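First the structure, in the form of structure tokens, and then the observations on it.
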Amino acid sequence: MELDFNNPIPLHVQLKIILEDQILQGFYKDKIPSERELMDMYSVSRSTVREAVSILVRDGILEKRHGKGTFVSLKPVQEWLKMISFTETTKNMGIKLLNHGRVLTPENIADANGFEDESYHIKRLRLQGDLPIAIELHYYSLELGQKLTKFDLSTTVLYDALEGDLNINFCEAEQIITCGFPTKEDAEHLGITETMCLLITERMIYDSDGNLVEYYKGLFRSDMYSFAMKMSRKNN
């Protein structure tokens with residue numbers, strides 16, 4: 001991959017994108033080239049290299065070790081805990097549909113307003129390039145699930161379909177983050193061992209009438225994913 005010096009996108013941003021793609025594809029698994037090597041490889045200034053690397057360090061994709069160089073972090077994918085940001089994050093990932101159909105409603109949402117004894121379940125694998133990152137499980141009411149089957153579940157961003165095409169009004173969401181171990185089947189899908197601890201998110205999204213629109217459970221590889229929260233304190 002080369003930089004386009006005629007592109008209006010700043011060179012340091014182009015370089016950041018190239019390095020990030022190479023890291024996610026496994027081209028750099030440990031240490032990235034030195035500043036001088038990157039300058040020579042892409043014919044750019046030291047300041048351009050430093051700006052690109054600094055962004056990746058702030059994003060948690062790279063980490064600097066004093067006197068040793070810049071290394072690949074174990075958490076190259078970040079997510080802001082906001083619905084819109086999560087949707088934007090997953091738009092850049094590939095999708096593999098694992099299965100979908102009617103299932104028994106999970107016990108923890110069995111009494112939720114809008115859900116019955118059975119619900120519609122969609123299970124998909126998230127990929128960054130060819131690398132499996134996460135397994136996502138979505139549960140909807142049977143009525144809503146049947147409407148979603150009209151879309152290509154292997155490519156559709158479900159939240160875009162729900163809000164844009166089906167006119168569902170998202171009002172509130174509750175989310176918790178825990179950890180746990182994968183089943184044998186899920187470990188195989190993720191390309192990991194059953195002893196690797198996963199980051200697990202559970203989210204319930206409600207409409208303006210208080211009906212549960214979606215119950216979501218995400219199983220994320222802890223070596224490839226992290227969650228970032230930005231907090232501020234208002235002065236009284």
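In what follows, residues are counted from 1 in the order of the sequence shown. Below, each value reflects all heavy atoms present in this structure, side chains not excepted, and no hydrogens, waters or symmetry copies. Note that the structure is a prediction, hence the values are computed from the model and not measured.
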Say whether, by atom type as modelled, one donor and one acceptor occur between the side chain of Arg124 and the main chain of Ser154 under 3.5 angstrom.
-> no
Ile9 backbone acceptor or donor facing Asn7 side chain under 3.5 Å = yes
Out of Ile61, Leu56, Thr48, Val53, which residue meets the side-chain contact (heavy atoms from CB on, under 4.5 Å) rule with Lys16?
-> Leu56
Phe151 backbone acceptor or donor facing Thr156 side chain under 3.5 Å = no
Between Ser34 and Glu37, do the side chains contain an N or O donor and an N or O acceptor separated by less than 3.5 Å?
-> yes
Looking at Lys217 and Glu202, does any basic side-chain N land under 4.0 Å from a carboxylate oxygen?
-> no
Between Ile135 and Leu190, is any pair of side-chain heavy atoms under 4.5 Å apart?
-> yes
Are any non-hydrogen side-chain atoms of Tyr28 and Leu62 less than 4.5 angstrom apart?
-> no
Would you say Thr70's side chain and Lys64's backbone share a donor-acceptor pair under 3.5 angstrom?
-> no
If you look only at pairs with a residue in residues 125-144, which of them pass as a ring-ring contact (aromatic ring centres under 6.0 Å, His included), with sequence neighbours excluded?
-> His121-Tyr139, His138-Tyr216, Tyr139-Tyr215
Side-chain heavy-atom pair Arg46, Arg36 within 4.5 angstrom cut-off | yes
Would you say the side-chain atoms of Asn169 and Asp207 include a donor-acceptor pair closer than 3.5 Å?
-> no
Would you please classify the geometry between the Tyr120 ring and the His100 ring as parallel, tilted or perpendicular, with 30° and 60° separating the classes?
-> tilted
Pairing of Arg102 and Glu118 as salt bridge, 4.0 angstrom limit = yes
Heavy atoms, side chains only, cut-off 4.5 Å: are Val103 and Ser119 in contact?
-> yes
Residue pairs meeting ring-ring contact (aromatic ring centres under 6.0 Å, His included), one or both in residues 187-211, sequence neighbours left out, come to none
SB check Arg203 Glu174 (cutoff 4.0 Å) = no
Considering only NZ, NE, NH1 and NH2 on the basic side and carboxylate oxygens on the acidic side, decide whether Lys123 and Glu136 come within less than 4.0 Å.
-> no
Atom CG of Asp111: over 12 foreign heavy atoms under 6.0 Å | no
Is a side-chain N or O of Asp4 found less than 3.5 angstrom from the main chain of Asn6, in a donor-acceptor match?
-> yes
